[in-house]
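Report on the following structure.
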Amino acid sequence: MIDASRFLSDLHHLRSFGAQGAGVIRPAYSPPDIAARDWLAGRMRTAGLKVQFDAMGNLFGLAEGPSLLLGSHSDTQPTGGWLDGALGVIAALEIARAAHEAGGPAISVVSFQDEEGRFGGTTGSAVWTGLMTLAEADAAVDTDGITLADARRALDGRAGPDVDPAPFTGFIELHIEQGPSLDVAGEQIGVVTDIVGYRQTTVTLTGQQNHAGTTPMALRRDTFQGLSAFNTRLNDRLRNVVTPQSVWTIGHVAVAPNASSIVPGQVRFSMQWRDGNKDRLDRMQGVIETTLAEVCAEMGLGLAMEPILGLDPVAMDEGLRARLATAAEAVAPGRWRQMPSGALHDAANVARLMPVAMLFVPSIGGISHAFEEDTTEEDLIVGLKVLARAAGVSA
Ligand code: HGY
Ligand code: MN
Ligand code: MN
């Protein structure tokens with residue numbers, strides 16, 4: 001039988017690693033991330049699971065024989081919420097523990113590494129599922145210029161052999177919605193139909209650093225002006241391609257040399273776009289690339305784009321979705337819906353290897369990737385119960 005107070009106590013204990021006010025700062029391979037993984041490993045052992053870190057720092061708690069895999073990630077955004085990823089990992093731990101105490105069914109647990117993309121995005125599960133090699137991941141660099149190869153040295157001998165996915169019968173990830181739909185509707189559960197696809201690159205514009213007082217506007221090659229013109233034109237042009245569910249974000253901008261009396265000679269920025277339709281992602285990419293080239297040609301700016309990272313949209317497994325829907329109707333009758341995920345999740349990678357499904361609980365005010373991220377305890381427990389029932393563990 002699941003123990004809701006033990007679940008909540010562990011959820012709050014995980015929050016303490018990297019706690020910052022109401023939020024958490026626990027990026028991949030940081031000291032709080034490693035400490036949290038060590039604590040999780042201990043809790044997995046207590047739950048009767050065989051603990052294994054892989055070379056990326058993905059942490060597995062393995063049941064004997066064929067088992068359903070439950071989990072999520074325990075790394076966070078640079079300024080993250082306390083539930084993003086953590087909820088799925090602790091719910092998985094509680095259900096595996098209850099199953100072990102009850103003598104079955106076999107439930108394994110995973111906390112993936114670097115889902116939040118200090119080094120790109122869902123990096124740990126991308127390597128585990130073969131979407132990228134360890135060598136490719138090792139070459140990734142964070143915004144401070146640190147390579148993943150150097151960062152994962154923090155694992156300091158914890159890494160064991162790769163974990164074979166064959167014994168897993170499927171993967172289910174409980175996650176906060178990170179958007180407003182359930183909260184606005186007063187519903188408690190979202191059974192996910194599909195996860196949107198995304199594309200991401202880093203763009204560098206190169207112009208001419210110069211004196212902000214003596215350089216006439218017409219003679220400038222100002223890279224901030226280039227980014228500004230690109231952004232305005234992009235918003236106008238994407239309107240012809242997108243739907244209300246399409247999103248695009250310039251979330252990281254580094255202006256160099258970032259001084260008030262110097263015309264910026266270089267700007268580096270992240271360009272990310274997401275949509276539920278692969279063809280539309282391609283069309284958005286075309287608009288981004290042509291608009292960048294056009295603005296740089298007009299303004300005499302150099303243009304460099306790093307290789308585009310991305311994941312195609314992924315549909316959830318019908319069978320697992322049906323189990324979640326039945327459980328949702330039993331636990332929260334009339335207070336659940338089927339819905340797409342606008343956020344990325346490790347489940348999108350794991351779908352390459354096995355049937356996957358996801359379920360959401362509401363985010364208060366739809367807020368996530370912010371210290372204010374929160375969900376009521378009642379809704380957290382409802383999510384745990386629905387996942388447990390779908391996993392065949394009495395809730
Ligand atoms: O960005 C995302 O969708 C995920 O929360 N990392
Ligand atoms: Mn997440
Ligand atoms: Mn996230």
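Remember, it's 1-based here, ligands and their atoms both numbered in the order they're listed. FYI, the numbering just counts along the sequence from 1.
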TODO: Looking only at protein heavy atoms, identify the closest one to atom 5 (O) of ligand 1 and say how far it is in Å.
DONE: His369 NE2, 3.0 Å
TODO: May I ask you to say whether Arg233 pairs ionically with Glu294, meaning some side-chain N is under 4.0 Å from a carboxylate O?
DONE: yes
Open item on the list: Closer than 2.8 Å to the Mn ion (ligand 2): does that hold for any N, O or S atom in His345?
Closed with: no
Task: Heavy-atom nearest neighbour in the protein, as seen from atom 1 (O) of ligand 1, with distance rounded to 0.1 Å - done: Arg274 NH2, 2.8 Å
- [ ] Kindly assign one of parallel, tilted or perpendicular to the pair Phe60 and Trp128, based on the angle between their ring planes and the thresholds 30° and 60°.
- [x] tilted
Open item on the list: Checking Asp183 against Ser181: is there a side-chain donor and acceptor pair closer than 3.5 Å?
Closed with: no
Task: Residues, nucleotides or ligands: over 12 heavy atoms within 6.0 Å of Glu101 CD - done: yes
Open item on the list: Students should be able to answer this: which protein heavy-atom is nearest to atom 4 (C) of ligand 1, and at what distance?
Closed with: Glu115 OE2, 3.5 Å
Task: Heteroatom of His73 nearest to the Mn ion (ligand 2) (N, O or S, atom name) - done: NE2
Open item on the list: Only N/O/S atoms count here: what is the atom of Asp84 closest to the Mn ion (ligand 3) called?
Closed with: OD2
Open item on the list: Surrounding CZ of Phe224 (heavy atoms of other residues, nucleotides or ligands, distance under 6.0 Å), is the total greater than 12?
Closed with: no
- [ ] Mind telling me whether Phe171 and Phe112 have parallel, tilted or perpendicular rings, with 30° and 60° as the class edges?
- [x] perpendicular
TODO: Would you check whether Gln178 reaches within less than 4.0 Å of ligand 1, judged by its heavy atoms?
DONE: yes
TODO: Using only heavy-atom distances, determine whether the side chains of Gln113 and Asn58 contain a donor-acceptor pair under 3.5 Å.
DONE: no
TODO: Answer yes or no as to whether an N/O/S atom of Glu116 is found below 2.8 Å from the Mn ion (ligand 2).
DONE: no
Task: Check: Ala343 N/O within less than 3.5 Å of ligand 1 N/O - done: no
Open item on the list: Starting from atom 6 (N) of ligand 1, what is the nearest protein heavy atom, named by residue and atom, and what distance separates them?
Closed with: Glu116 OE1, 2.8 Å
Open item on the list: Looking only at side-chain N and O atoms, does Gln209 offer a donor or acceptor that is under 3.5 Å from a partner on Gln266?
Closed with: no
Open item on the list: Can you tell me which N/O/S atom of His369 has the shortest distance to the Mn ion (ligand 3)?
Closed with: NE2
